[in-house]
Amino acid sequence: ASGDHEDYMRLALQEARKSPPKPTNFCVGAVLVDEANHTILATGYTLELPGNTHAEQCALQKFATLHDLPEEHVGEVLPPSTAIYTTMEPCNMRASGNLPCVDRILRTRSNGQTGISKVYLGVKEPEKFVGENKGRAKLEEAGVECIHVPGMEEGILKVATAGHEKD
Ligand SMILES: Nc1nc(=O)c(N)c(NC[C@H](O)[C@H](O)[C@H](O)COP(=O)(O)O)[nH]1
Ligand SMILES: [Zn+2]
């Protein structure tokens, strides 16, 4: 039911609120969900884990850690109907040059692993740091279904840009 999608996106926004505002990125929240069992596998928010970490990256890393695996191997332990909810579409390029979350999501589907098969997003990425984010098209080309969960855009962007100069 669409209510579930909004509930998970609201939870992701709650997570985003925990992120320390910075002028050089967005405060984003993510929730990794086993859709078949309606269970939350992990949550994450920007900068939750040490280093210049992204929300989606943190959720993946935390779930991998639960299974004593590094993030790059998380695809080995994700249940068959795993989705990720993220308040902002996964990054496809990062000004820091760190591995984008689109690549981390696609990596979960390597070696015949199902990995993440659905991405629910709250907003498109504003073109402030890296121009237009073409991540959604890249995910869809790879067979990952991307679904916009509407209705929370204002709140998501307010949190995401909390560390930015008020223009
Ligand atoms: N989906 C998403 N989740 C995040 O947790 C986050 N911080 C961004 N932000 C996207 C933005 O494009 C990058 O934050 C800047 O490009 C700076 O790059 P770094 O974050 O320093 O690697 N996007
Ligand atoms: Zn990212």
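Every heavy atom of this structure was used, including side-chain atoms; hydrogens, water molecules and symmetry mates were not. Remember, it's a predicted structure, so these values are computed and weren't measured experimentally. For ligands, and for the atoms within them, numbers begin at 1 and follow the listed sequence.
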Between Lys118 (side chain only) and Ile116 (backbone N and O only), is there a donor and an acceptor less than 3.5 Å apart? no
For the 3.5 Å polar cut-off, considering only N or O atoms, please tell me whether Phe129 and ligand 1 meet it. no
Keeping Asn52 on the side-chain end and Leu47 on the backbone end, is there a donor-acceptor pair under 3.5 Å? no
Tell me which N, O or S atom of His54 sits nearest to the Zn ion (ligand 2). ND1
Modelled atom types, side-chain donor and acceptor of Glu35 and Tyr120, under 3.5 Å: yes
Considering the heavy atoms of Met88, write down every atom of ligand 1 situated less than 4.0 Å from one of them. 1 (N)
Output for pair (Gln61 CD, Glu72 CD), nearest 0.5 Å, gives 8.0 Å
Looking at Thr46, which atoms of ligand 1 are within less than 4.0 Å of one of its heavy atoms? 4 (C), 5 (O), 7 (N)
Run Ile40 and Tyr8 through side-chain contact (heavy atoms from CB on, under 4.5 Å) and show every step you take. CA-CA 9 Å; Ile40 292 170; Tyr8 286 130; 3.8 Å; yes
Short N/O distance, under 3.5 Å, between Ala55 and ligand 1? yes
Salt-bridge contact Glu132-Lys134 (side-chain N to carboxylate O under 4.0 Å): yes
Are any side-chain N or O atoms of Glu89 and backbone N or O atoms of Glu125, one a donor and one an acceptor, separated by less than 3.5 Å? yes
Going by the order shown, which atoms of ligand 1 are within less than 4.0 Å of some heavy atom of Val28? 2 (C), 3 (N), 4 (C), 5 (O), 6 (C)
In terms of residue, atom name and distance, what is the protein heavy atom nearest to atom 12 (O) of ligand 1? Glu125 OE2, 2.5 Å
Considering distance alone, does some N or O of Asn52 sit under 3.5 Å from an N or O of ligand 1? yes
Using a strict 4.0 Å cut-off to heavy atoms of Glu89, name the atoms of ligand 1 that fall inside it. 1 (N)
If you measure from the Lys or Arg side-chain nitrogens to the Asp or Glu carboxylate oxygens, is any gap between Glu141 and Lys138 under 4.0 Å? no
May I ask you to say whether Glu154 pairs ionically with Lys158, meaning some side-chain N is under 4.0 Å from a carboxylate O? no
First locate atom CG of Leu60, then atom OG1 of Thr53, and finally report the distance between them rounded to the nearest 0.5 Å. 12.0 Å
Would you call Glu71-Arg107 a salt bridge at under 4.0 Å N-O? yes
Measure the spacing between CG of Asp103 and SG of Cys91 and express it to the nearest 0.5 Å. 8.0 Å
Could you tell me the residue and atom name of the protein heavy atom closest to atom 7 (N) of ligand 1, and the distance to it rounded to 0.1 Å? Phe26 O, 3.1 Å
Answer yes or no: does an N/O atom from Gly97 fall short of 3.5 Å to an N/O atom of ligand 1? no
Close N or O approach (Thr86, ligand 1; < 3.5 Å): no
closest protein heavy atom to atom 18 (O) of ligand 1 is Ala95 N, 3.3 Å
Nearest non-hydrogen protein atom, atom 8 (C) of ligand 1: His54 CE1, 3.5 Å
Do Asn25 and Thr46 meet the criterion of a side-chain donor-acceptor pair at a distance under 3.5 Å? no
Of all the heavy atoms in Lys128, does at least one lie under 4.0 Å from an atom in ligand 1? no
Quick one: nearest non-hydrogen protein atom to atom 22 (O) of ligand 1, plus distance? Ser96 OG, 2.5 Å
Out of Val123, Asn25, Thr24, who gets a non-hydrogen atom closest to atom 17 (C) of ligand 1? Thr24
Below 4.0 Å from ligand 1: does a non-hydrogen atom of Cys101 turn up there or not? no
Distance under 4.0 Å to a non-hydrogen atom of Val130: what atoms of ligand 1 satisfy this? 12 (O), 16 (O)
Which ligand 1 atoms does Glu56 reach within 4.0 Å, using its non-hydrogen atoms? 1 (N), 2 (C), 3 (N), 4 (C), 5 (O)
Tell me which part of Gln57 gets within contact of ligand 1: side chain, backbone, both or neither, using heavy atoms under 4.0 Å. neither
Could you point out which residue of Glu153, Lys124, His5 forms a side chain to side chain donor-acceptor pair (under 3.5 Å) with His148? Glu153
State the atoms of ligand 1, each with its element, that fall below the 4.0 Å cut-off from a heavy-atom position in Cys91. 1 (N)
Looking only at N/O atoms, are Asn98 and ligand 1 under 3.5 Å apart anywhere? no
